[in-house]
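What follows is a short report on a single structure.
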Amino acid sequence: MYLVGWIPPCREDHKKIKLMSKSLKDKKVEVIGLSTDENIAEWQRYLRNNEYDWTNYAVPETNMLLNDLKISSYPSYFLIDRNYNFIGVFANIDQFQYDFLDKLK
């Protein structure tokens with residue numbers, strides 16, 4: 001997922017992801033966050049205070065990965081399999097849950 005911690009839609013999705021975390025783990029879905037937050041200490045405090053324990057990386061907005069993925073909005077979600085194939089792209093966590101997660105057994 002690509003996010004910025006201070007944008008309200010990202011914050012709302014974080015709460016939903018936390019609620020879904022057991023279901024995600026049971027279905028072997030790993031959450032990895034990429035954030036372009038500029039204040040790294042504040043971003044880390046936000047993650048810690050809310051107990052968002054998925055893997056998170058801070059990346060500059062000029063990061064080549066963000067350009068390669070053509071990310072243009074916050075938040076953005078990508079589902080990638082273990083062979084690095086793109087399975088889906090989602091505008092929000094509700095779309096991900098409806099389009100993908102609920103269909104997994």
Side-chain angles (χ1 to χ4, degrees):
M1 90 180 121
Y2 173 61
L3 56 95
V4 177
W6 49 266
I7 293 180
C10 293
R11 287 182 176 246
E12 287 304 311
D13 278 2
H14 294 161
K15 294 174 191 174
K16 293 175 185 177
I17 293 166
K18 184 175 179 180
L19 291 173
M20 295 169 40
S21 65
K22 181 175 180 352
S23 177
L24 291 168
K25 287 178 185 174
D26 289 348
K27 295 177 182 191
K28 302 199 186 309
V29 174
E30 181 181 2
V31 176
I32 300 173
L34 302 175
S35 175
T36 58
D37 279 281
E38 293 179 5
N39 186 329
I40 303 301
E42 185 177 319
W43 169 69
Q44 290 172 329
R45 189 170 31 259
Y46 163 76
L47 294 172
R48 190 174 46 257
N49 289 345
N50 289 285
E51 298 178 354
Y52 298 143
D53 61 355
W54 53 81
T55 303
N56 286 282
Y57 297 99
V59 295
E61 281 200 59
T62 57
N63 184 286
M64 189 177 357
L65 175 63
L66 302 181
N67 292 329
D68 289 348
L69 293 174
K70 297 178 178 33
I71 295 173
S72 61
S73 65
Y74 305 94
S76 295
Y77 298 89
F78 301 88
L79 184 61
I80 304 168
D81 71 13
R82 64 177 50 115
N83 296 314
Y84 307 106
N85 297 306
F86 279 81
I87 305 298
V89 178
F90 309 95
N92 58 57
I93 201 63
D94 294 327
Q95 181 189 17
F96 166 76
Q97 184 170 11
Y98 177 77
D99 289 352
F100 179 75
L101 190 62
D102 289 343
K103 294 176 179 139
L104 278 180
K105 297 186 180 198

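Heavy-atom basis, side chains included; hydrogens, waters and symmetry copies ignored.
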**Request:** Calculate, to the nearest 0.5 Å, the distance between atoms CG and NE2 belonging to Leu47 and His14 respectively.
**Result:** 7.5 Å
**Item:** Results of salt bridge (charged side-chain N to carboxylate O under 4.0 Å, His left out) for Asp81 - residues two or more places apart only
**Value:** none
**Prompt:** Do Tyr57 and Phe78 share a hydrophobic cluster, counting only Ile, Leu, Val, Met, Phe, Trp and Tyr and linking them when any side-chain heavy atoms are less than 4.5 Å apart?
**Reply:** yes
**Request:** For Asp94, enumerate each residue passing the salt bridge (charged side-chain N to carboxylate O under 4.0 Å, His left out) test, keeping only those at least two apart in sequence or located in another chain.
**Result:** Lys16
**Request:** Kindly indicate whether the side chain of Tyr46, heavy atoms from C-beta on, has any atom under 4.5 Å from the side chain of Asp37.
**Result:** no
**Request:** List in chain and number order the residues that pass ring pair (Phe, Tyr, Trp, His ring centres under 6.0 Å) with Phe90, two or more places apart in sequence or in another chain; answer none if no residue qualifies.
**Result:** Phe96
**Message:** Quick check for you: to the nearest 0.5 Å, what is the distance between Thr36 atom OG1 and Glu38 atom CD?
**Reply:** 7.5 Å
**Request:** Please identify each residue that fulfils side chain to side chain donor-acceptor pair (under 3.5 Å) with Asp26, with sequence neighbours left out.
**Result:** Lys22
**Prompt:** Just wondering, do Val29 and Met20 contact through their side chains at under 4.5 Å, heavy atoms?
**Reply:** no
**Message:** Could you work out, with salt bridge (charged side-chain N to carboxylate O under 4.0 Å, His left out) as the rule, every residue matching Glu51, not counting sequence neighbours?
**Reply:** Lys18
**Request:** Would you please test Trp54 and Leu24 for side chain to side chain contact (heavy atoms under 4.5 Å, CB included) and show each step?
**Result:** CA-CA 11 Å; Trp54 53 81; Leu24 291 168; over 6 Å; no
**Request:** Tell me, please, which residues at least two apart from Asn92 pass side chain to side chain donor-acceptor pair (under 3.5 Å).
**Result:** none
**Prompt:** Would Ile87 and Tyr77 show up in the same hydrophobic cluster when neighbours are defined by side-chain heavy atoms closer than 4.5 Å?
**Reply:** yes
**Message:** Quick check for you: to the nearest 0.5 Å, what is the distance between Gln44 atom CD and Asn56 atom CG?
**Reply:** 9.5 Å
